[in-house]
Amino acid sequence: MQMISTAEFVAILVAAAATYGLRAGGLLLAGHLPQEGRLRRVMDALPGTIMVSLVAPSVAEAGLAGGLGAVLTALVAWKSKNVFLAMLAGMAVVALERNFMA
């Protein structure tokens, strides 16, 4: 079994402390955030915009199959309210294209 170096151990500790700090900070600050107004609407929209910013580059890189997979994923999620089923549908489109159409 290989031992980790001191630098690796410190890096893990710093990453753990940063992660904990971000989570604890969010919980501690939540009571001080506005409950109405423009800033509240912006904060309510953040999860969706973050998801789009994470997904959009992958969809664009996958081309037509990625676009079709994303549309199918959205439709299945909207109709079925089942996120897991929606992800499977979208992945199936991309997998079929990569394995049988290319």
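Residues forming a side-chain contact (heavy atoms from CB on, under 4.5 Å) with Met43 (at least two apart in sequence, or on another chain): Leu33, Pro34, Leu39, Arg40.
Through side-chain heavy atoms spaced under 4.5 Å, either directly or across other Ile, Leu, Val, Met, Phe, Trp or Tyr residues, Leu75 is tied to Val71, Trp78.
Taken from CD in Glu97 to CG in Leu68, the straight-line distance is 9.0 Å, to the nearest 0.5 Å. Note that CE of Met101 and CG of Leu64 are 10.5 Å apart. Values are rounded to the nearest 0.5 Å.
Pairs passing the salt bridge (charged side-chain N to carboxylate O under 4.0 Å, His left out) check and including a residue from residues 51-72, sequence neighbours excluded, do not occur.
Pairing each heavy atom of Thr49 with each of Leu46, the nearest pair is OG1-O, 2.9 Å. Smallest separation of non-hydrogen atoms from Val52 and Pro57: O-CD, 4.4 Å. Val59 approaches Ala70 most closely through the heavy-atom pair CG2-CB, 3.9 Å.
Ile4 and Val10 fall into different hydrophobic clusters, where Ile, Leu, Val, Met, Phe, Trp and Tyr are joined by side-chain heavy atoms under 4.5 Å apart, directly or via other members. Leu72 and Val94 end up in different hydrophobic clusters when Ile, Leu, Val, Met, Phe, Trp and Tyr side chains are linked at under 4.5 Å. Following chains of ILVMFWY side-chain contacts shorter than 4.5 Å, one can reach Phe9 starting from Ile12, so the two form part of one hydrophobic cluster.
Annotation for Lys81: atom NZ counts as buried by contact number, over 12 foreign heavy atoms lying within 6.0 Å.
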